[in-house]
Chemist: 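Before anything else, here's the structure in question.
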2 protein chains.
Amino acid sequence: MQPPAPSPLRGVPSPLRATIADVAREAGVHASTVSRALNPATRGMVTEAVAQRVTEVADRLGWRPSAVAAGLRTRKSRTIGILVPDLINPIFPPILHAVETVLATQGYVTLVANTDNDAARESLLIERMATHLVDGLILASAAAGTDALSLCARFGIPAVLINRRMPEGAGCAAVSAVTNDDIHGIGLAVDHLVALGHRRIAHLAGPQGVSTARDRRTGFLDRMRHHGLEPAEITTAAAYTREAGRAAMAALLQGPAGTGPSGNEPGCTAVAVANDMLCLGVYDAMEAAGRRVAADISVTGFNDMPFVDRIHPALTTIRIQHDAMGRQAACILLAEMAEPGLARQSIRLVPELVVRASTAPPAKAP
Amino acid sequence: MQPPAPSPLRGVPSPLRATIADVAREAGVHASTVSRALNPATRGMVTEAVAQRVTEVADRLGWRPSAVAAGLRTRKSRTIGILVPDLINPIFPPILHAVETVLATQGYVTLVANTDNDAARESLLIERMATHLVDGLILASAAAGTDALSLCARFGIPAVLINRRMPEGAGCAAVSAVTNDDIHGIGLAVDHLVALGHRRIAHLAGPQGVSTARDRRTGFLDRMRHHGLEPAEITTAAAYTREAGRAAMAALLQGPAGTGPSGNEPGCTAVAVANDMLCLGVYDAMEAAGRRVAADISVTGFNDMPFVDRIHPALTTIRIQHDAMGRQAACILLAEMAEPGLARQSIRLVPELVVRASTAPPAKAP
DNA sequence: GCGGGCGCTGCAATCGATTGCAGATTTTTC
DNA sequence: GAAAAATCTGCAATCGATTGCAGCGCCCGC
């Protein structure tokens, strides 16, 4: 006669969850056998009958693996970190969603954090994530002059950049990136404005620390030159935020003294803006100055973020492939984690022009 | 003579990072002493001189704590899980941001995941988070009939609901919640419409599985009754999405046969919508049907999500306290984690009406 | 009938930090 | 000056799972 088997939850107190040792005892095998039976990858190493029994007992006891314990031994946490500069910008959620979806199918969970465009905070977050032994990192936040990549290298964490790339030949370790062809994209906007008849076109650039802003600026200049036009003006917003857009546009509307035909008119009939978020501020500034979008000054955005089709007037912008961007980045990361030696790759997605109501032929000069 | 001290990184290979044992050896003390010296909470237990030396060596060797190893021993991961139904809905990022900010000051990192409004996915995510030993959970996703709370209870994970609450007396374990006063909020919308002169007011309700949708529906009915009015019509959207809003509004515009004055007119001059996201669809449907927002039918939203001030016409809506909501939830969670016996609390934040351009007096009957 | 081989299972070490307990040292107290 | 108390530090166990190695049994072939 044996004493009655311990109750499944063995006295509710501390070990709220059954461990592999509990299962082993109950099933009459060694813990290592339980481990092998319960891990799909090693299940083939034990007899099917044993595996069955172990599985059955594990279920009955409500056993759940401890990712922490396993991670300690294997040095893998099955966790991926994702850093975004600003979750409030609606282009990120769709990208995140795609990343998450791909990673979830492989059993990874994601640690998402906002850097708030703050390099120090970014470093801190990477440190914390390293502490948590993330298996990989997706960086949508890396700006120039950031330690992000060197930290990753130091901790040996594979990383993939998204919607950002490092300056060419910046001497930093090569890293894969998934970006848009921003140069081409802003070119589409310029072409569209020129086709409408605009000649005096300004550019409202983004913060020059990030590659998207630099590329769009460069692309703008290139394409203007291609059309044989001089840029009417270039202002730079301090950040990719609505408020920075408002401030920059307000400055642009006043115009450098004497540039405009009548002296204090803005020197342009259209402005190609570096990003949709900035456009919201542009609209704000124009409203405040009593200028009409499209009728007085045409505006183009960049990103086609959700909801800009419903702002008034609906924004003409450059659509990027949010979803593909997230998916690709996740896939590349998975590949590089599986095979660390893999050659780095840089994918550039092609954007397209979406014409809505914020652009129109220039108003006739009086 | 001693052999040369091992180089700081001791042969680059596997132990990319120094461990506490490395520091101990280098500093000539025991690992437990290192642990105490490096942990702010126990630093007082060792001599200041020793603590200094240990800290110095740890720095030199580039030691980083392993949250995984510590977590295994302490059963705390310093990680908090956050579940949202749909990150694409712009009300969530600000809430998340607030939560993250509060938790970050306490050294927690956040594991964010989308449930996509799918109960099965939600359960899976909670299981995975339990596996990762999250210390607490913030649920912005819990709908009725979900296992979320029982799972949390089973795993012993403290949880706080946000923007959702459980049906009263549903027999489920008590849990703290931070919500809006939705009943009051929708009442503000009704009051506003009535004050403008509307009498035939419809309600476009949200999916009745979630408490916000139920409360707003109830609040609408109550307030209408208060004014002595019959609800013109109530349609229910299948989800809090733009598309569901479009479909529901399209149905409402056709109206039940013969309800409208001319037989197929919508039976209302205004519609109080359960949520801003739905309003985007409402606008879409009205545009498709050739009806003007405000001029033909007034529309009110709920949430004051970012950017609805720029849609056309700018949406009159009910502003909720995104930021306070996130902060409060985080604080409550921290408190309950520190002291599990703490009484559960339910905080109800008060919303306010923001009048913009989507509401106007009813058009005069011809 | 015996050695080789193979398949399965158990043993024990390990991942890195934490912590109760005990021994060693110093300080306090009478 | 001795006993008691306080203060540090080291020892060793522990958290829960993984895994290299060894051993055991069984089957097969010669």
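Chain letters run A, B, ... following the sequence lines, proteins first and then strands; every chain starts at 1.
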Chemist: Scan A/V57, A/L38, A/T55, A/V34 and name whichever one has a side chain to side chain contact (heavy atoms under 4.5 Å, CB included) with A/W63.
Modeler: A/L38
Chemist: Starting from P on D/dA17, measure out to CG on A/L38 and report it in whole angstrom.
Modeler: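 Rounded to the whole Å, the gap is 9 Å.
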Chemist: If you look at every heavy atom in B/S176 and B/R344, which pair is closest and at what distance?
Modeler: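 Looks like OG-CA, 3.4 Å.
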Chemist: Shorter than 3.5 Å, N or O on both sides, protein versus nucleotides 5-7 of chain D: list them out with atom names.
Modeler:
none

Chemist: For the helix from C/dG1-D/dC30 to C/dC30-D/dG1, figure out the bend between the end axes, five pairs an end, and round to 10 degrees.
Modeler: 40°
Chemist: Could you tell me whether the side chain of A/E339 reaches within less than 4.5 Å of the side chain of A/L342, counting heavy atoms only?
Modeler: yes
Chemist: Supply the atom-to-atom distance B/T42 OG1 to B/M45 CE, rounded to the nearest 0.5 angstrom.
Modeler: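 Those atoms lie 6.5 Å apart.
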Chemist: Just by distance, do the side chain of A/R17 and the backbone of A/P65 share a donor-acceptor pair under 3.5 Å?
Modeler: yes
Chemist: Please write out each protein N/O paired with an N/O of nucleotides 18-24 of chain D under 3.5 Å, distance rounded to 0.1 Å.
Modeler:
from   : atom 1 : to    : atom 2 : distance (Å)
D/dT18 : OP2    : A/S35 : OG     : 2.8
D/dT18 : O2     : A/R73 : NH1    : 2.4

Chemist: Checking B/T47 side chain against B/V50 main chain: does a donor-acceptor pair fall under 3.5 Å?
Modeler: no
Chemist: Taking C-beta and beyond as the side chain, do B/T110 and B/T79 meet within less than 4.5 Å on heavy atoms?
Modeler: no
Chemist: Between A/R78 and A/Q106, is there a donor-acceptor pair closer than 3.5 Å when you use the side chain of the first and the backbone of the second?
Modeler: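 Such a contact is found between A/R78 side chain and A/Q106 backbone.
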Chemist: Could you state the atom-to-atom distance from CG of B/L72 to C1' of D/dC15 in whole Å?
Modeler: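 Whole-Å distance recorded here is 4 Å.
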Chemist: Using only atom types and a distance under 3.5 Å, with no angle test, would you say the side chain of B/R165 pairs donor to acceptor with the backbone of B/T179?
Modeler: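 Checked: no pair found.
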Chemist: Specify the separation, in whole Å, of atom CZ of B/R78 and atom P of C/dA17.
Modeler: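 One finds 16 Å between P of C/dA17 and CZ of B/R78, rounded.
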Chemist: Check this for me, if you would: do B/R121 and A/E100 make a salt bridge, where the nitrogen-to-carboxylate-oxygen distance has to be below 4.0 angstrom?
Modeler: yes
Chemist: Is there a side-chain contact between B/T47 and the phosphate of D/dT9, meaning an N or O under 4.0 Å from OP1 or OP2?
Modeler: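 Yes, B/T47 has a side-chain N/O under 4.0 Å of OP1/OP2 on D/dT9.
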Chemist: Expressed as a whole number of angstroms, how long is the span from A/R75:CZ to D/dA17:P?
Modeler: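 Rounding to the nearest Å, CZ of A/R75 and P of D/dA17 are 19 Å apart.
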Chemist: Can you tell me how far P of C/dG7 sits from CD of A/E48, to the nearest Å?
Modeler: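 Taking atom P of C/dG7 as the reference, CD of A/E48 is at 16 Å.
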Chemist: By the 4.0 Å heavy-atom rule, please label A/V29 as base, sugar-phosphate, or nothing.
Modeler: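 Touches sugar-phosphate only.
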Chemist: Once you apply a heavy-atom cut-off of 4.0 Å, does B/V68 come out as touching a base, just sugar-phosphate, or nothing?
Modeler: nothing
Chemist: Only one of A/I80, A/D323, A/I82 forms a side chain to side chain contact (heavy atoms under 4.5 Å, CB included) with A/V99, so which one is it?
Modeler: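 The side chain to side chain contact (heavy atoms under 4.5 Å, CB included) with A/V99 is passed solely by A/I82 among A/I80, A/D323, A/I82.
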